[in-house]
Amino acid sequence: MTTQCRDLRVEYLDEPIGVGTRVPRFSWTVDRTQHAYRLEVRAGERVVWDTGRVASSTTCLVEYDGRRLDSNAAYRWRVTSWGADGAPATAESRFETALLDPADWTAAWVEPVQDPTTIERWSLLDWILGRRPEAPVEERLRPVRLLRQEFALDRAPLRARLYATARGAYAVTVNGHPGDDQVLAPGFDSYEHRISVQCYDVTRFLAAGPNVIGIALADGWWAGRIGISGSSAQFGDTTSAVWQLHVEYPDGTEQVVGSGPDVVSTAGPWRYADLFIGECLDARAIPIGWDRPEFDARDWQPVREAGRDHAVLVPFTGEPIRRVAELPARSVTATDDGWLVDFGQVVAGRVRLRVRGAAPGRRILIEHTEVLDADGGWFRNILGANKEQADVYLAAGVDEEVYEPKFTFHGFRYARVSGLDRLEPDDIVAIVLASDLPQTGGFHTSDARLNRLHDNVVWSQRANFLSVPTDCPQRERAGWTGDIQVFAPAATNNAMVAPFLARWLDNLRADILPSGEVPITSPRSPHDRESAAAATDDLGRIVSATGWSDAIAFVPWTLFERYGDRRVLEENYDAIVGWIEHQRRVARTELPGWAQEARLPAERRARQALLYNTGRHFGDWLTPSTLEGDLPRFQAMQLAPALTSELLAPMYQAQTLTIAARIAAVLGRTADAADFADRAVRVREAFAAEYVDADGALPHDLQGLYVVALAFDMVPAALRAAAADRLATLVRNRGDRLDTGFLSVPYLLDVLWEAGHRELARRVLWQSESPSWLYEVDHGATTIWETWDAVGPDGTPQAMSFNHYAFGCVDDWLYRRIAGIRATSPGYRTVVIEPDLEAGVDRVDAHVQTPAGRLAVSWRRDGAEASIDLVIPSGVDAVLRVDGVDTPVPAGESHHDVPVAAPTPPRAPANRPIENRNEDVPTHSLRSPLPGR
């Protein structure tokens with residue numbers, strides 16, 4: 001078989017245009033062990049980089065080191081790989097650069113004539129108390145604006161790239177053709193500091209003579225109503241756009257067309273469009289042909305030039321938001337309030353509706369929700385100011401028309417459509433929106449419940465990886481740092497998340513406070529700052545928090561562990577140092593309340609001065625036992641912060657110091673590495689002296705505290721067994737159920753496992769009673785819920801999110817422990833395959849995409865025998881470990897028969913039939929996997 005180089009990528013992307021760096025990185029895979037490689041990069045016929053033959057097995061993220069790359073330039077590159085036999089394997093690909101410097105821009109920002117967005121200010125307290133606007137939506141929101149620029153070209157271009165972005169959400173067309181298939185551009189950014197610029201290949205849309213660039217401009221994240229409060233205009237109250245078209249002709253000459261005073265604008269057919277509320281489109285008012293040359297725009301108004309602030313413009317990186325799937329209606333049922341449509345799956349997106357024979361102006365309302373009540377009736381699970389999640393379509397009045405919203409999305413499984421006399425199932429589909437990340441992993445077993453749990457995680461990840469990693473795709477849609485901190489390892493198994501999370505980290509660094517504090521959400525708006533400063537409740541005043549702010553270290557380290565990406569460590573290093581120095585300053589100057597009142601001896605005061613254990617934090621958020629009882633829900637939610645923050649803060653402080661030491665060592669900063677490691681030791685020693693009793697007990701008997709203390713090595717070695725046994729007792733006392741919150745859930749099963757309580761860890765995983773993962777599955781979950789009891793045993797739902805991925809972090813356990821795929825060095829260069837043959841299933845099939853290629857594990861158990869089939873990519877050193885015995889595994893396919901000592905413990909059956917709803921997604925509509933999978 002001929003050896004081939006495959007999966008050629010630049011900055012993780014296949015043949016990207018608009019690459020935003022002059023030092024791109026090149027990756028490929030090869031189906032044999034590589035001994036040497038050569039990279040060549042050309043601009044036309046000119047060689048700009050030739051590595052020559054490099055003796056190396058590296059096939060991932062090789063940094064460019066040639067002549068300075070030009071902006072808006074096209075390049076071809078070739079890789080040659082040699083194996084032990086000396087035979088070469090060669091492949092070619094291409095990439096293009098973006099506008100890389102602010103000086104590349106000459107276009108002006110342009111503002112269409114508009115009334116500013118109505119300023120609405122709501123607080124967390126308003127949300128808790130249920131306050132909301134009194135005026136109807138139609139009176140408070142404003143129309144989408146249309147912008148139009150006509151220009152002439154002497155001849156047809158050889159190459160044309162359009163660079164565009166907006167303060168608002170925009171959709172661009174060229175001569176009536178969409179720029180590409182992305183939606184909701186430019187995405188969510190920390191707009192004060194950076195606004196992503198999209199690059200479009202528009203060559204085929206242009207012609208000699210008159211041409212038109214059209215922009216439809218809505219409020220988006222910039223001016224719309226966003227976040228938990230639903231406040232409007234959090235970044236600004238006026239929308240604007242900027243674009244620049246670069247045209248190259250066959251003779252080498254160029255032409256640049258930029259936005260400026262020749263742009264005209266008018267109100268569009270959308271009476272309003274808001275990401276959270278929804279949109280209203282009057283199809284009768286669509287100006288047919290408005291974005292084509294022959295249109296008469298004499299009545300349109302000139303725009304206002306709004307400056308040339310190009311410093312905030314940055315090339316977009318990663319994959320944009322796209323329509324990634326379509327789900328047909330499972331059922332359509334007539335009700336007194338309209339047609340109730342069930343799509344069978346909670347998603348983020350919108351619907352596409354076909355309307356037949358409606359009279360002109362007929363009002364059609366589409367409402368959305370994630371869950372029905374216990375009797376199957378309509379139930380709004382998302383409440384608060386500006387959380388309508390409803391779209392309105394005013395029919396054009398033709399025989400057949402199709403409507404899909406453009407400037408909004410919703411979290412839903414169910415839609416209710418009113419205003420139609422008849423709705424057939426094939427008249428409506430759910431359009432799933434997400435950042436279009438390649439799906440790279442898979443996990444499937446002989447147990448339908450575990451399969452559904454994994455699918456639920458994948459669907460929640462898909463819905464919440466939409467421009468930025470959000471907590472939920474309906475109520476808040478905010479880039480909560482704590483959620484992604486706990487979920488990042490699981491995310492890397494299921495999708496190629498490296499560029500997506502690197503872009504989010506760019507935003508997070510931009511939002512860091514001068515003090516070094518890392519905010520709890522990013523992107524962070526000016527309103528977020530004002531709201532925190534004005535808040536009167538403790539939670540509302542939180543700016544940075546333990547476990548949330550530590551994402552600045554945890555997420556880059558996860559990307560390094562899973563992808564071997566050293567650059568993400570370099571980019572975030574200073575921010576990590578700033579955060580740990582902030583913790584150090586606080587530790588030196590503040591004491592917990594009880595310590596302020598006590599007369600501590602000097603030795604204890606010295607220990608306390610090492611510990612970051614003060615301030616407002618979320619603690620082990622949503623710890624189940626703290627939510628039980630008669631307290632109102634929001635009051636109960638504050639118990640976990642009160643009980644756990646003082647202890648968890650120094651635990652995370654120590655672990656972040658340890659991660660910082662490891663990062664410093666990778667980057668060759670040996671002095672920093674030694675300093676951080678020493679400080680981590682001293683923090684752990686001080687914590688143990690202050691908070692760990694002689695029998696290994698902690699001040700509060702909560703599972704989560706023991707879990708994190710053991711996971712982060714906060715308990716002295718001599719006391720670890722006692723602490724682990726206490727944790728096991730707490731779990732058993734809860735009926736083998738978890739009692740862990742946001743920060744401890746990711747570590748619970750591993751801590752039990754490593755402490756020798758393996759069967760208990762399995763029982764927690766297989767638990768059917770709430771709180772548990774399979775309780776959700778048994779009660780019809782198709783995504784991961786915000787809280788374990790979002791649906792009661794009688795089917796009664798609560799008004800909360802049914803699409804929060806954080807507790808789906810257990811998916812990493814499924815891959816690492818049940819399937820047994822565990823990386824033991826960065827980028828999967830070394831791997832241990834150690835499947836749990838006593839997990840309670842008879843069959844497991846799983847795979848991940850390593851930087852070297854696809855790694856797959858399939859195991860079967862039949863009584864006392866098990867068979868394991870492996871696929872190991874070349875360049876990965878793998879070991880199969882069964883019952884403590886290691887067997888080296890060669891690259892390629894291999895088969896292994898092994899004895900199993902213990903019988904498979906019986907597991908509780910499902911309480912109801914489990915459906916695998918992923919099978920219902922049309923395979924043609926999902927993002928295709930990476931080549932070779």
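All values reported here derive from a predicted model rather than from experimental measurement.
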Quick check: does any side chain N or O of [X] sit under 3.5 Å from a backbone N or O of [Y], one acting as donor and the other as acceptor?
X      : Y      : value
Asn613 : Ala649 : no
Thr782 : Val346 : yes
His779 : Val791 : no
Asn456 : Ala781 : yes
Asp483 : Thr470 : no
Gln703 : Asp739 : yes
Thr481 : Ile520 : yes
Gln485 : Trp548 : no
Arg452 : Val777 : no
Gln234 : Ser231 : yes

If you apply the rule side-chain hydrogen bond (donor to acceptor under 3.5 Å, both in side chains), what do you find for Asp701 with Tyr706, and how did you get there? CA-CA 8 Å; Asp701 257 355; Tyr706 283 90; 3.2 Å; yes
Trp221 pairs by ring-ring contact (aromatic ring centres under 6.0 Å, His included) with which of Phe407, Tyr191, Phe276, Phe188?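 That would be Phe188.
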Just to verify, which of Trp813, Trp773, Phe742, Trp621 counts as forming a ring-ring contact (aromatic ring centres under 6.0 Å, His included) with Phe807?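 Exactly one candidate clears the test, Phe742.
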Within-4.5 Å side-chain heavy-atom neighbours: [X] and [Y]:
X      : Y      : result
Asp620 : Leu648 : yes
Asp337 : Arg416 : yes
Pro624 : Arg737 : no
Asp528 : Ser531 : no
Ser768 : Arg449 : yes
Asp736 : Leu760 : yes
Phe235 : Ser525 : yes
Leu466 : Pro473 : no

Going by the side chain to side chain contact (heavy atoms under 4.5 Å, CB included) test, name the single residue among Thr623, Leu643, Leu647, Thr740 that passes it with Leu705.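 Single side chain to side chain contact (heavy atoms under 4.5 Å, CB included) partner of Leu705 among Thr623, Leu643, Leu647, Thr740: Leu647.
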Heavy-atom pair with the smallest gap, counting every atom of [X] and [Y]:
X      : Y      : value
Gly547 : Leu743 : CA-CD2, 3.8 Å
Thr117 : Arg225 : CG2-NH1, 4.0 Å
Asp342 : Arg413 : OD1-NE, 2.8 Å
Pro641 : His617 : CB-O, 3.3 Å
Ser460 : Asn803 : OG-OD1, 2.8 Å
Ala430 : Phe343 : N-CE2, 3.4 Å

Polar side chain donor-acceptor pair, [X] to [Y], under 3.5 angstrom:
X      : Y      : value
Gln655 : Asp550 : no
Asn507 : Arg524 : no
Glu120 : Ser232 : no
Thr796 : Asp794 : yes
Ser770 : Asp789 : no

Should the pair Arg380-Glu388 be classified as a salt bridge under the 4.0 Å nitrogen-to-oxygen rule?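 Here Arg380 does not pair with Glu388 in a salt bridge, since their nearest N and O are not under 4.0 Å apart.
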Distance from [X] atom [atom1] to [Y] atom [atom2], nearest 0.5 Å?
X      : Y      : atom1 : atom2 : value
Ile226 : Ile277 : CD1   : CD1   : 12.0 Å
Lys387 : Gln474 : NZ    : CD    : 10.0 Å
Leu698 : His700 : CG    : NE2   : 9.5 Å
Thr787 : Met800 : OG1   : CE    : 3.5 Å
Arg734 : Ser772 : CZ    : OG    : 11.5 Å
Cys280 : Tyr272 : SG    : OH    : 5.0 Å

Does the gap between the ring centers of Phe554 and Tyr652 come in under 6.0 Å?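 Centroid distance Phe554-Tyr652: below 6.0 Å, so yes.
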Check: Trp480 ring centroid to Phe618 ring centroid under 6.0 Å: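 Yes.
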Is atom CD of Glu134 surrounded by more than 12 heavy atoms (other residues, nucleotides or ligands) closer than 6.0 Å?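 Not more than 12 within 6.0 Å, no.
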Start with the C-alpha distance between His804 and Asn464, add both sets of side-chain angles, then the distance that settles side-chain hydrogen bond (donor to acceptor under 3.5 Å, both in side chains), and finish with yes or no. CA-CA 8 Å; His804 256 67; Asn464 283 291; over 6 Å; no
Partners passing ring-ring contact (aromatic ring centres under 6.0 Å, His included) against His368 (at least two apart in sequence or in another chain):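 His368: ring-ring contact (aromatic ring centres under 6.0 Å, His included) contacts with His410, Phe412.
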Test side-chain hydrogen bond (donor to acceptor under 3.5 Å, both in side chains) applied to Ser544 and Arg616, Gln583, Glu517, the passing residue: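 Result: among Arg616, Gln583, Glu517, Glu517 is the only option passing the side-chain hydrogen bond (donor to acceptor under 3.5 Å, both in side chains) with Ser544.
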Evaluation steps, side-chain contact (heavy atoms from CB on, under 4.5 Å), between Gln798 and Asn381: CA-CA 7 Å; Gln798 297 188 50; Asn381 66 298; over 6 Å; no
Using side-chain hydrogen bond (donor to acceptor under 3.5 Å, both in side chains), reason through Glu590 and Tyr612 one step at a time and then give a plain yes or no. CA-CA 8 Å; Glu590 296 182 9; Tyr612 176 65; over 6 Å; no
Can Arg475 and Glu786 be said to form a salt bridge (Lys or Arg N to Asp or Glu O under 4.0 Å), step by step? CA-CA 11 Å; Arg475 187 185 65 218; Glu786 179 180 11; 2.8 Å; yes
Can you give me every donor-acceptor pair (side chain of residues 123-130, partner residue at least two apart or in another chain, under 3.5 Å) with its distance?
{"unit_1": "Ser123", "atom_1": "OG", "unit_2": "Leu125", "atom_2": "N", "d": "3.3"}
{"unit_1": "Ser123", "atom_1": "OG", "unit_2": "Asp126", "atom_2": "N", "d": "3.1"}
{"unit_1": "Ser123", "atom_1": "OG", "unit_2": "Asp126", "atom_2": "OD2", "d": "3.1"}
{"unit_1": "Asp126", "atom_1": "OD1", "unit_2": "Arg131", "atom_2": "NH1", "d": "2.7"}
{"unit_1": "Asp126", "atom_1": "OD2", "unit_2": "Ser123", "atom_2": "N", "d": "2.9"}
{"unit_1": "Trp127", "atom_1": "NE1", "unit_2": "Leu383", "atom_2": "O", "d": "3.2"}

If you draw the axis of the six-membered ring of Trp766, does the NZ or CZ of Arg763 fall within 45° of it and under 6.0 Å from the ring centre?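 Pair Arg763/Trp766 does not count as cation-pi.
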Are Arg330 and Tyr414 in a cation-pi setup, meaning NZ or CZ lies under 6.0 angstrom from the ring centre and within 45 degrees of the ring axis?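 Judged by the rule (NZ or CZ under 6.0 Å from the ring centre, within 45° of its axis), Arg330 is not positioned above Tyr414.
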